Protein chains: 2
Amino acid sequence: MPSHILSSNIPDIVIGRLPVYLRALTRLAQEGREVTSSHELGQRLGISSAQIRKDLSHFGGFGKQGTGYQIAYLVEQLKQVLKVDQEWDVALVGAGDLGRALAHYRGFGDRGFRIVSMFDNSPDKIGTELENFVIQPLDDLAKVIRERNIKIAMIAVPAESAQEVADRLIEVGVKAILNYAPINLNVPADVHVQYIDPVVHLQRMTYYL
Amino acid sequence: MPSHILSSNIPDIVIGRLPVYLRALTRLAQEGREVTSSHELGQRLGISSAQIRKDLSHFGGFGKQGTGYQIAYLVEQLKQVLKVDQEWDVALVGAGDLGRALAHYRGFGDRGFRIVSMFDNSPDKIGTELENFVIQPLDDLAKVIRERNIKIAMIAVPAESAQEVADRLIEVGVKAILNYAPINLNVPADVHVQYIDPVVHLQRMTYYL
DNA sequence: TAGATTGTTAATCGATTAACAATC
DNA sequence: TAGATTGTTAATCGATTAACAATC
């Protein structure tokens, strides 16, 4: 399936749901299940079965009438579509509490990502060993990212320095940024940014309380 | 989604953008700015000015023709709408790397939230002091949350225990959950859940690389 | 007054849902 | 065959954008 040819046609909102489907399907597989249906998956996720079938149909027919979807096969196909059937090298900028928690997190590996280098500017952190890597100074960022051809980075620095860090990352070829700093980043059109700000998420719920 | 009285006629998607507006406006104020326009705000956020005006107009006329919006006033109004013109008590379940990073995070206070208690089941963590509180056993969860009338919780436990933790939280009155565990939660219609899973966010970008 | 920008209406665009023939 | 569920089309619903009168 030449996903790059179709890629312009697929709505972003559909792509955004695929990782959630993938996660739920992986869990089903862990529970020992082999087959599921759009109805069952929808129930689990609070999404209509029609939407799931429609979303999946953008990429081909993965199911069988009357029986549903082979979970292992669908997982494999979704991983291919999302390009996480490989392992991506990720750079992590910021070695504060959050940065270190991310470095220790064991959940990246089997889902397509591997933190391979970590940067910070604080003299008492530089040189410290953490997991499989040594915390490096921000001045080495360009060199390391270019050498390893890293395309994905996570930003876990204070809001004040996040834009500058982003600029430096983008300059050396990073195309996808997961930003934990509570600030909006200005980036060129070909760079993707996702935001994680717990306060924004909390504030999305208080309205309803 | 609550389809009864509490749910007004304001679309969820509009509510979801307000915290982002609020964050950007707060930042503008920090930069010493006093007035802004829907156009400027839209440029910063990558959103059309029409959308910002439309979103805000759901809650009243906050601006002036010809001049735009008084930032301080708009911030105040948005805080009121989102009910973060007060400080909400938050319970934190899970004292692993992530839980401790959250406990240390200084960014909650001035944006409407305060972590007031922390729970974990690990014997070597229970009793440990952390910031202003002592890590308590999960068995105390019901008692503490009831006593303090806590409505908001963050879950930072492994995926395997997240649903059980959620069930216990909901049973004692929690209505809003920020879930860091990489799993979908089944909750009643009147309970709100937001998800933070870094891998899902990363997988939303790899498709485009 | 001239220029700027809001709040709002109407038009456009896109996403979700319902329905069902195909088929396992 | 009978029952179940997909993939897809058409209908509905909702969200975004364009446009502009009002007015600061």
Side-chain angles (χ1 to χ4, degrees), chain A residues 1 3 6-21 24-25 28 33-78 81 204 207, chain B residues 1-3 7-21 24-25 28 33-78 81 204 207:
Chain A
M1 172 74 36
S3 60
L6 299 168
S7 72
S8 44
N9 298 339
I10 316 284
D12 286 0
I13 200 162
V14 172
I15 301 299
R17 280 190 293 260
L18 298 187
V20 178
Y21 297 169
L25 289 162
L28 275 168
R33 301 285 310 282
E34 292 192 346
V35 177
T36 189
S37 66
S38 60
H39 181 74
E40 183 186 43
L41 194 55
Q43 284 245 312
R44 289 222 178 190
L45 298 177
I47 287 179
S48 79
S49 61
Q51 180 160 87
I52 289 171
R53 292 199 302 280
K54 189 108 210 289
D55 285 352
L56 295 179
S57 76
H58 283 105
F59 306 96
F62 298 136
K64 271 206 182 75
Q65 285 101 327
T67 59
Y69 302 90
Q70 291 290 328
I71 293 171
Y73 175 71
L74 186 51
V75 162
E76 198 184 298
Q77 294 300 307
L78 285 180
V81 168
R204 281 179 180 154
Y207 173 80
Chain B
M1 193 158 323
S3 54
S7 149
S8 57
N9 50 338
I10 317 282
D12 286 1
I13 200 163
V14 172
I15 301 299
R17 280 190 292 262
L18 298 187
V20 178
Y21 298 168
L25 288 162
L28 275 167
R33 301 285 311 282
E34 292 191 346
V35 178
T36 189
S37 65
S38 60
H39 181 74
E40 182 186 43
L41 194 56
Q43 285 246 312
R44 288 220 179 192
L45 297 176
I47 287 179
S48 80
S49 61
Q51 179 159 87
I52 289 171
R53 292 199 302 282
K54 189 111 209 288
D55 284 353
L56 296 178
S57 76
H58 283 103
F59 307 95
F62 299 137
K64 271 208 183 72
Q65 285 101 326
T67 58
Y69 301 90
Q70 291 290 328
I71 293 171
Y73 175 72
L74 186 51
V75 162
E76 200 184 297
Q77 294 299 307
L78 285 179
V81 168
R204 280 178 180 155
Y207 173 81

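Just so it is clear, the values below take in all heavy atoms, side chains as well, and ignore hydrogens, waters and symmetry mates. For clarity, every value in this text was computed on a predicted model and none was experimentally measured. Residue numbering restarts at 1 for every chain, and letters A, B, ... go by the order of the sequence lines.
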Exercise. Hey, does the side chain of Y69(A) come within less than 4.0 Å of dG7(D)'s phosphate (OP1/OP2), counting only N and O?
Worked result: yes

Problem set entry | N or O in side chain of S48(B) less than 4.0 angstrom from dT16(D) OP1/OP2 | no

Exercise. R17(B) side chain: which of dT16(D), dT23(D), dA15(C) is closest?
Worked result: dT16(D)

For this session: Specify the residue among T67(B) and T67(A) whose closest nucleotide of DNA chain C lies further upstream toward the 5′ end.
Result: T67(B)

In Å and rounded to the nearest 0.5 Å, what is the [atom1] to [atom2] distance from [X] to [Y]?
| X | Y | atom1 | atom2 | answer |
| --- | --- | --- | --- | --- |
| S49(B) | Q43(B) | OG | CD | 9.0 Å |
| L41(B) | L74(B) | CG | CG | 8.0 Å |
| K54(A) | R17(A) | NZ | CZ | 10.0 Å |
| Y21(B) | L78(B) | OH | CG | 9.5 Å |
| Y69(B) | I52(B) | OH | CD1 | 8.0 Å |
| L45(A) | L25(A) | CG | CG | 8.0 Å |

Report the distance from atom [atom1] of [X] to atom [atom2] of [N], rounded to the nearest whole Å.
| X | N | atom1 | atom2 | answer |
| --- | --- | --- | --- | --- |
| I13(B) | dG14(D) | CD1 | C1' | 10 Å |
| Q65(A) | dA2(D) | CD | C1' | 16 Å |
| L74(A) | dG7(D) | CG | P | 9 Å |
| I10(A) | dA15(C) | CD1 | P | 11 Å |
| F62(A) | dC24(C) | CZ | P | 17 Å |
| N9(B) | dG14(D) | CG | P | 12 Å |
| D12(B) | dC13(D) | CG | P | 18 Å |
| H39(A) | dA19(C) | NE2 | C1' | 16 Å |

Exercise. Which ones in residues 51-58 of chain B lie close to DNA chain D, meaning a heavy atom under 4.0 Å from one of its atoms?
Worked result: Q51(B), R53(B), K54(B)

Problem set entry | Nucleotide-level pairing of DNA chain D, given in dot-bracket where Watson-Crick and G-U pairs need both distances under 3.5 Å and | marks other strands | ..||||||||||||||||||||||

For this session: Measure across Q70(A) and V35(A) and return the closest heavy-atom pair with its distance rounded to 0.1 Å.
Result: NE2-CG2, 3.6 Å

For this session: Pick base, sugar-phosphate or nothing for S38(A), based on heavy-atom distances below 4.0 Å to the nucleic acid.
Result: sugar-phosphate

Problem set entry | Side chains of V81(B) and H58(B) in contact at under 4.5 Å (non-hydrogen atoms) | no

Seminar exercise, completed: From the list D12(B), L18(B), I15(B), side-chain contact (heavy atoms from CB on, under 4.5 Å) partner of Y207(A) resolves to I15(B)

